[in-house]
K.L.:
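After the structure tokens below, expect a handful of questions from me.
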Amino acid sequence: MDLDEATQAIERIIGNTLRAADVVRGVRDLVRKTPPMATKVYINDLIKNLLSLVSLDLRLHQIAVEVELAENLEPIRGNHGQLERVVANLIANGIEAMSPVQDRQRRLRISTRLDKNGDVQVAVEDTGIGLDPALAERIFDPLFTTKCEGMGLGLWICRSIITTHGGRLWATPNLPHGSIFRFVVPSTVGSKTVAPSRCRQTIRMNRQVEKFVGGAACS
């Protein structure tokens, strides 16, 4: 690694540290049921910034990146730190899923678009080891993990964050290889009132978050 690369790596470490503090504050708000500080979040800018931060990691893992971001995308009304945590987690999971792959190109594709309801959809696709269809929903359960050292909380918290924002998060196979994680959240233009059933689901999920991770996050 030359001096320029070392300098860039240090700058990314500093940036990651500052962003991590913001993410921790956002998750603590989620656990404590504190209303999130809602701002206009430009999801395309959020994705570009995150890819810049993980560019070194992507190069080290020899992962090709494809980005297809919809133009003139309306902003999301939400908590920047929490949404950033979701996208960062999905990118990190994609990188990890492709680590064992040796017989094909490792490719991470991130795209954004407006769906038919005017909501903002984000997709993170990888060409990794893929999902067992039987486990496609269980991976969002608390304390369920397919990783040897995983805690089974990352995707669960991500889904809770997206649900809190009035959206949804799900996973599908990326045929012939890999997985696709998608989430949708209302834009400031296409936003709708969250249905009571969804509100009740959010409250239940937040209570579960508090039960399992509240002690660690609030210490």
Side-chain angles (χ1 to χ4, degrees), residues 8-31 36-61 63-69 73 75-76 78-99 106-112 120-128 131 139-140 145-147 149-165 167-171 174 178-185 205 209 213 216-217:
Q8 291 175 9
I10 292 172
E11 289 175 347
R12 291 190 184 96
I13 290 171
I14 295 171
N16 280 331
T17 301
L18 295 174
R19 289 174 181 273
D22 185 51
V23 167
V24 169
R25 283 192 295 270
V27 174
R28 281 178 172 170
D29 286 346
L30 182 68
V31 170
M37 184 177 294
T39 61
K40 285 185 177 181
V41 179
Y42 292 88
I43 197 70
N44 286 351
D45 292 341
L46 184 153
I47 291 170
K48 291 175 186 176
N49 290 336
L50 278 175
L51 287 175
S52 175
L53 289 172
V54 301
S55 60
L56 181 60
D57 203 21
L58 291 166
R59 289 202 302 271
L60 289 175
H61 285 86
I63 295 174
V65 179
E66 296 180 4
V67 181
E68 186 177 340
L69 306 179
L73 203 62
I76 297 165
N79 183 286
H80 188 280
Q82 290 181 0
L83 292 170
E84 187 175 58
R85 176 182 176 87
V86 172
V87 179
N89 187 282
L90 298 183
I91 291 174
N93 283 354
I95 293 173
E96 186 172 355
M98 289 185 281
S99 294
R106 300 172 183 174
R107 186 176 68 256
L108 183 75
R109 184 176 185 273
I110 303 178
S111 61
T112 60
V120 175
Q121 182 178 122
V122 178
V124 180
E125 308 174 33
D126 66 68
T127 56
L131 287 173
I139 59 174
F140 296 104
T145 180
T146 58
K147 304 174 184 177
E149 299 178 357
M151 294 178 62
L153 294 173
L155 286 173
W156 177 48
I157 291 176
C158 286
R159 175 173 273 187
S160 183
I161 289 171
I162 294 300
T163 304
T164 300
H165 282 76
R168 61 191 183 97
L169 166 66
W170 71 99
N174 184 24
S179 307
I180 307 175
F181 285 82
R182 293 185 177 92
F183 68 84
V184 292
V185 286
M205 294 182 78
V209 171
V213 302

K.L.:
Has the side chain of S99 got a donor or acceptor atom that lies under 3.5 Å from a matching backbone atom of I95?
P.N.:
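A pair under 3.5 Å: yes.
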K.L.:
What I'd like to find out is whether the side chain of V122 reaches to under 4.5 Å of the side chain of V86, using heavy atoms alone.
P.N.:
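No, every pair of side-chain atoms sits at 4.5 Å or beyond.
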K.L.:
Please list, chain by chain and in numerical order, all residues satisfying side chain to side chain contact (heavy atoms under 4.5 Å, CB included) with A171, sequence neighbours excluded.
P.N.:
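Per chain and number, A171 pairs via side chain to side chain contact (heavy atoms under 4.5 Å, CB included) with L131, I139, F140, F181.
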K.L.:
Could you grab the distance from atom CG of N44 to atom CG of N49, nearest 0.5 Å is fine?
P.N.:
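Rounded to the nearest 0.5 Å, the CG-CG separation comes out at 11.0 Å.
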K.L.:
Kindly give the heavy-atom pair with the smallest separation between C158 and R85, and that separation in Å.
P.N.:
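What the structure gives for the nearest pair is SG-O, 4.4 Å.
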K.L.:
Do N93 and N89 pair up side chain to side chain, a donor and an acceptor below 3.5 Å, judged on atom types alone?
P.N.:
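A pair is found: one side chain offers a donor N or O, the other an acceptor, under 3.5 Å apart.
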K.L.:
Counting only N and O atoms by type, is there a donor-acceptor contact under 3.5 Å from the side chain of R109 to the main-chain atoms of E66?
P.N.:
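Checked: no pair found.
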K.L.:
So, do V124 and F183 sit near enough that their side-chain heavy atoms are less than 4.5 Å apart?
P.N.:
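With C-beta onward as the side chain, the pair stays apart.
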K.L.:
Is it the case that the side chain of S160 and the backbone of W156 share a donor-acceptor pair, with hydrogens and angles ignored and the cut-off at 3.5 Å?
P.N.:
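Answer holds: no.
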K.L.:
Measuring from H165:NE2 to N79:CG, what's the distance to the nearest 0.5 Å?
P.N.:
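H165 NE2 to N79 CG: 5.5 Å, rounded to 0.5 Å.
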K.L.:
When you measure from the side chain of N174 to the backbone N and O of D126, does any donor-acceptor pair fall under 3.5 Å?
P.N.:
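Such a contact is found between N174 side chain and D126 backbone.
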K.L.:
Is any side-chain heavy atom of L51 less than 4.5 Å from a side-chain heavy atom of L58?
P.N.:
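Sidechains of L58 and L51: in contact.
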K.L.:
Heavy atoms, side chains only, cut-off 4.5 Å: are I161 and L169 in contact?
P.N.:
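When only atoms from C-beta onward are counted, L169 and I161 do not touch, as no gap falls below 4.5 Å.
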K.L.:
Just to verify, what does R182 make a side chain to side chain contact (heavy atoms under 4.5 Å, CB included) with, not counting sequence neighbours?
P.N.:
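By the side chain to side chain contact (heavy atoms under 4.5 Å, CB included) rule, R182 matches Q121, A123, W170, T172, I180.
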K.L.:
What's the spacing between I162 CD1 and L83 CG if we round to 0.5 Å?
P.N.:
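One finds 5.5 Å between CD1 of I162 and CG of L83.
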K.L.:
To the nearest 0.5 Å, what is the distance between CG on L50 and OG on S55?
P.N.:
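L50 CG to S55 OG: 11.5 Å, rounded to 0.5 Å.
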K.L.:
To the nearest 0.5 Å, what is the distance between NE2 (H80) and CG (L46)?
P.N.:
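Going from the NE2 atom of H80 to the CG atom of L46 covers 4.0 Å.
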K.L.:
Between CZ of R107 and CD of E125, what distance do you get to the nearest 0.5 Å?
P.N.:
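The distance works out to 8.0 Å.
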K.L.:
Any heavy-atom pair between the side chains of L90 and L155 that's under 4.5 Å?
P.N.:
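Yes, close enough: below the 4.5 Å cut-off.
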